[in-house]
Amino acid sequence: MKRVGMLDRNYIRENPDEVRTALEQKGVADVDFDRILELDEEWRELKARGDDLRHERNEVSTEIGELKQAGDHEQAEAAIERSQELKGEIETVEERAADLAETLEDELLRLPQIPHEEVPVGDSEDDNVERRREGFEDLRDLPETITPHYELGEDLDIIDEARAAKTTGSGFYFLKGEGAQLEYALLQFMLDLHREQGYVDLFPPIPVNSESMTGTGQLPKFAGDAYKLEGEDLWLCPTAEVPVTNMYRDDILLKDDLPVKHQAYTPNFRREAGEHGTETRGIVRVHQFNKVEMVNFVEPETSYEAFDRLVDEAEEVLRRLDLPYRILEMCTADLGFTQAKKYDIEVWAPGDDMGDGPEEGGRWLEVSSVSNFEDFQARRAGLRYRPERHESTEYLHTLNGSGLALPRVMVAILEYYQNDDGTVTVPEPLRPYMGATEVIEGHEPIGESAVGAGEKE
RNA sequence: GCCGGGAUGGCCGAAUGGCAAAGCGCACGCCUGGAAAGCGUGUCCCCUUACGGGGUUCUGGGUUCAAAUCCCAGUCCCGGCGCCA
């Protein structure tokens, strides 16, 4: 199926002002929208001219067949000559048209999704709006001083960043013993919970090709954020959204199939280019992390209901773990390229005072991002369905939400469930997944460096 | 990795160089007391206010006045052989 731009061409032609407003509100400066309109206009003229020439050629071509049938070779020769002339003319016109179409296509792929009309207009992340704050009314008794997760992880010997730098590089980490167990427990817990909410599990392939990356909107704009495999048209999965959404690419679903709700656990790989110097300690910003992702395919009229439900389904993870959090609505400037509306869920990590946290101290960590893409991804990826009362297909709406990103939840647990003696209480719902372990006590470190540090005799 | 076979609409499936069948499904209409059956129309993409026109047989090239059809390259599927945690 031919890829079309993310926004409907007819819509762009008929509503240029809405597109301009969206570009402005999203702060997209590298798109020359007037040029796109010109390209479209010019392409349509060439298209019409090419169609006329082809029409004539089709008529001549039919004539040739008839003349040959009738045995009139002289007339047939004349017609063949005319047909040859036309061939050249068509080639000239269509070559130009194809060039224009290609340029236009590239430009259209760079046009961002238009924000939903109720999204708060803003210039930067400072204009995001906090919608709710949950779980602060009945806080745990916390230690006088909370050790940040990166120090605690080292103390308990459950997170090892230094040795991962050796095997792989900075921005990666080993989880060890109870650390690794906690990771598995969180995974199983989240998957079981979302299964209760009606999600069907998927375990997707981790490398994805360029067409998939384009379908969900990572390409062409964000190529620099992803890891590319050398010599292959393959990228390391930056989020399960990519394989899962593209799973039904160019498919036509039935109305009865909808809503389709899938959850997928995958590792996610992100280069985080340009982020060096911030968050270098700990596992808050890393190049590889596990995440459970929820993806919904729904009928267009229901996508905003689905959005609210998706936020609730993601929140449920934090509610059950009894971790305090807040819900943030992204303003137009902080909406991603593909998103019409987006809420972030930020968990409270009390270990580090970063200034932007709540009055209780600590900081907010984004653990989920719930987005409605409306028909933006569907159009790029050819995701359609057949409504009952129409004979033609329509683009469906896609949504997704993390449910949740694991390392940051782990950070919140290590800090919020920390005890005075430096151990960590395992939240109730996770215990069945950890062989009934109630408290993480860590292990003795291994190796000579521990002796030198006075941690081992 | 090697050898062979294959890819045509939502589905199935014809056409082997000269207008891409037929069937199923679906929608609408006629018929009916109502339904079924039957009959008719429609059912991909693009341009066009419309009338209408163009394109489309996995993808990309080539041959030809003309390609679903012939040639080259690629992708994926099936079968066989090989290899393999």
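In what follows, chains are A, B, ... by sequence order, proteins preceding strands, each numbered from 1.
Shown here, B/C2 forms a base pair with B/G80; the pair counts as Watson-Crick or G-U wobble because both key distances fall under 3.5 Å. Remark: B/A50 base-pairs with no nucleotide; criterion is Watson-Crick or G-U wobble with both hydrogen-bond distances under 3.5 Å. Applying the Watson-Crick and G-U wobble criteria (two distances, each under 3.5 Å), B/G42 pairs with B/C26. Searching all strands for a Watson-Crick or G-U wobble partner of B/A14 with both distances below 3.5 Å returns nothing. Nucleotide B/U75 forms a Watson-Crick or G-U wobble pair with B/A7, both donor-acceptor distances falling under 3.5 Å. In a base pair of the Watson-Crick type (N1 to N3 plus N6-O4 or O6-N4) or a G-U wobble (N1-O2 and O6-N3), with each distance short of 3.5 Å, B/C31 is matched with no nucleotide. B/U57 is unpaired under the criterion used here, namely a Watson-Crick or G-U wobble arrangement in which both key atom distances are under 3.5 Å. As the counterpart of B/U64, no nucleotide is assigned, since no Watson-Crick or G-U wobble pattern has both distances under 3.5 Å.
Within the structure, every side-chain polar atom (N or O) of A/R44 is placed at least 4.0 Å from both OP1 and OP2 of B/C46. The shortest distance between the side-chain N/O atoms of A/R379 and the OP1/OP2 oxygens of B/C45 is not below 4.0 Å. For A/H55 and B/G54, the shortest distance from a side-chain N or O to OP1 or OP2 is below 4.0 Å.
Under the 4.0 Å criterion applied to side-chain N and carboxylate O atoms, A/D106 and A/R110 are not assigned as salt-bridge partners.
As rounded to whole Å, 13 Å separates atom C1' of B/G17 from atom CD1 of A/I64. When the P atom of B/C46 is taken as reference, atom CD of A/E102 falls 19 Å away, rounded to whole Å. We find that CZ of A/R384 is positioned 12 Å from P of B/G9, with the value rounded to whole Å. Between the CD atom of A/E91 and the P atom of B/U64 there is a distance of 12 Å, rounded to whole Å. Rounded to a whole Å, the CZ atom of A/R54 is 16 Å from the C1' atom of B/C19.
Nearest-nucleotide positions on RNA chain B for A/G50 and A/Q84 put A/G50 closer to the 5' end. When each of A/E94 and A/I80 is assigned the nucleotide of RNA chain B bearing its nearest heavy atom, the one mapping closer to the 5' terminus is A/E94.
When only modelled atom types and interatomic distance are considered, A/Y199 and A/N296 share a side-chain donor-acceptor pair under 3.5 Å. Side-chain contact annotation: A/E241 with A/Q377, donor-acceptor N/O pair under 3.5 Å present. Donor-acceptor pairing under 3.5 Å is lacking for the side chains of A/N372 and A/Q339.
Residue-level contact check: A/I252 touches the backbone only, with heavy atoms under 4.0 Å from sugar-phosphate atoms and none from bases. Within 4.0 Å of A/R13, counting heavy atoms only, lie sugar-phosphate atoms of the nucleic acid but no base atom. When heavy atoms are screened at a 4.0 angstrom cut-off, A/T62 is found touching no nucleic acid atom at all. Counting any heavy atom pair closer than 4.0 Å across all strands shown, A/N58 reaches sugar-phosphate atoms only and no base atom.
In the displayed structure, A/R96 atom CZ is contacted under 6.0 Å by at most 12 heavy atoms of other residues, nucleotides or ligands.
Across B/G55, B/A66, B/C47, the shortest atom-to-atom separation from the side chain of A/K87 is found for B/A66. With distances taken from any side-chain atom of A/S61 to the nucleotides B/C44, B/G18, B/C46, the minimum falls on B/G18.
Across the C1' atoms, B/G62 and B/G17 are found 16 Å apart, a figure rounded to whole Å.
For A/Y343 and A/F307, the ring centers are positioned less than 6.0 Å apart.
In this model, a side-chain donor or acceptor of A/D51 finds a partner on the base of B/G53 within 3.5 Å.
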